[in-house]
Amino acid sequence: MSERPEIRPASTVVLLRDGEHGVETLLLKRNKALVFAGGFWVFPGGSLDPEDLAAAGGDEEQASRIAAAREAREECGQSPHPEDMVLLSHWTTPQIQPRRFSTRIYAAPLRADDEVVIDGGESHDHIWIAANDALERHRAGDMDMLPPTFITLMTVARYLTVDDLIAAELEKPVPYVLPVTFPVEG
């Protein structure tokens with residue numbers, strides 16, 4: 001019997017601002033050379049560090065907010081406030097994957113219009129884009145993304161303003177998603 005990989009806690013933050021055509025979010029294009037999601041468009045995020053857990057007094061949910069803010073600063077120079085983050089969903093990587101994560105996905109309005117600064121290592125490009133435009137580009141084959149990104153963009157696209165999104169999502173139950181994969185016709 002094969003050993004199942006450890007499920008590592010992680011978090012992602014959907015950075016938000018109001019745009020001319022609805023709510024916009026910042027997407028980063030990952031380096032094609034990376035093993036995980038190379039070449040895909042993603043939100044800033046990553047694994048929780050021991051320092052995140054220590055800063056949160058061992059509270060994993062609070063640590064995930066701290067980690068999301070840290071990752072946004074490291075990956076794109078943005079500074080979301082952990083207390084402004086709204087939990088949109090919680091995804092766990094399917095069992096068949098060699099690397100598994102338990103990822104909380106937060107939405108966060110940005111309080112400032114900081115310049116986007118990507119590292120050039122993990123990420124190679126960025127774009128502020130209306131959620132509907134990102135979805136259309138993905139459907140046209142011009143913007144590769146993983147299912148959690150696609151589904152999250154579908155949620156963001158429902159709203160005309162960031163304030164509407166935050167208010168509505170605070171009232172909704174948070175979906176916990178555990179995708180199951182299986183072969184279809186070979």
Side-chain angles (χ1 to χ4, degrees), residues 10-34 36-48 52 64-91 101 103-170 172 174-175 177:
S11 62
T12 296
V13 61
V14 182
L15 301 171
L16 302 171
R17 71 181 188 187
D18 289 320
E20 287 184 32
H21 303 288
V23 178
E24 293 181 343
T25 187
L26 181 65
L27 291 174
L28 307 177
K29 187 170 187 181
R30 288 180 52 87
N31 182 340
K32 288 183 181 182
L34 295 173
F36 179 74
F40 282 69
W41 288 89
V42 299
F43 304 113
S47 297
L48 275 62
D52 302 323
S64 69
R65 292 170 183 270
I66 293 168
R70 176 184 50 74
E71 290 285 345
R73 281 189 305 278
E74 292 173 1
E75 294 181 10
C76 58
Q78 301 300 295
S79 299
H81 294 258
E83 65 273 13
D84 292 343
M85 294 181 187
V86 175
L87 185 59
L88 296 178
S89 60
H90 188 163
W91 290 68
F101 300 93
T103 305
R104 288 177 172 92
I105 300 177
Y106 294 98
L110 291 176
R111 295 182 185 181
D113 191 19
D114 295 332
E115 179 183 355
V116 175
V117 179
I118 57 172
D119 61 15
E122 187 174 329
S123 299
H124 280 193
D125 200 0
H126 74 279
I127 187 171
W128 275 105
I129 189 168
N132 280 320
D133 292 342
L135 291 167
E136 287 198 24
R137 287 182 62 180
H138 173 70
R139 289 181 186 114
D142 297 330
M143 188 174 258
D144 292 331
M145 58 185 70
L146 296 169
T149 305
F150 179 79
I151 298 298
T152 301
L153 284 168
M154 289 177 63
T155 298
V156 173
R158 294 182 198 145
Y159 302 101
L160 295 177
T161 70
V162 173
D163 287 344
D164 290 345
L165 184 152
I166 298 298
E169 291 298 320
L170 279 170
K172 292 184 178 177
V174 176
V177 183

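For this chain, numbers begin at 1 and follow the sequence in order. As the structure is a prediction and not an experimental result, all values here were calculated from the model.
- Under a 3.5 Å cut-off, the side chain of D18 and the backbone N or O of V162 do form a donor-acceptor pair.
- The shortest non-hydrogen separation linking L15 to W128 is O-CZ3, 3.7 Å.
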Legend entry - side chain to side chain contact (heavy atoms under 4.5 Å, CB included) assessment of T149 paired with H138: CA-CA 10 Å; T149 305; H138 173 70; over 6 Å; no
Inset, instruction - List the steps, then state whether salt bridge (charged side-chain N to carboxylate O under 4.0 Å, His left out) holds for E169 with K172. - result: CA-CA 5 Å; E169 291 298 320; K172 292 184 178 177; 3.5 Å; yes
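- In terms of modelled atom types and a separation under 3.5 Å, the side chain of Q78 and the main chain of E115 share a donor-acceptor contact.
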Inset, instruction - Please test D113 against R17 for side chain to side chain contact (heavy atoms under 4.5 Å, CB included), starting from the C-alpha separation and ending with a verdict. - result: CA-CA 9 Å; D113 191 19; R17 71 181 188 187; 4.1 Å; yes
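- Between the side chain of S123 and the main chain of R30, no donor-acceptor pair closer than 3.5 Å is present.
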Inset, instruction - List the steps and the verdict of side chain to side chain contact (heavy atoms under 4.5 Å, CB included) for F43 and E71. - result: CA-CA 10 Å; F43 304 113; E71 290 285 345; over 6 Å; no
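- Minimum interatomic distance between L27 and M143 (heavy atoms only, all atoms of both residues): CD1-SD, 4.0 Å.
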What side-chain donor-acceptor pairs closer than 3.5 Å can you find for residues 79-91, not counting sequence neighbours?
unit_1	atom_1	unit_2	atom_2	d
D84	OD1	R111	NH2	2.9
D84	OD2	R111	NE	2.7
D84	OD2	R111	NH2	2.9
S89	OG	W91	NE1	3.1
H90	NE2	S102	OG	2.6

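- Within the model, atoms CD of E136 and CG of L153 stand 12.0 Å from one another, a figure rounded to the nearest 0.5 Å.
- A donor-acceptor pair under 3.5 Å is formed between the side chain of S11 and the backbone N or O of A68.
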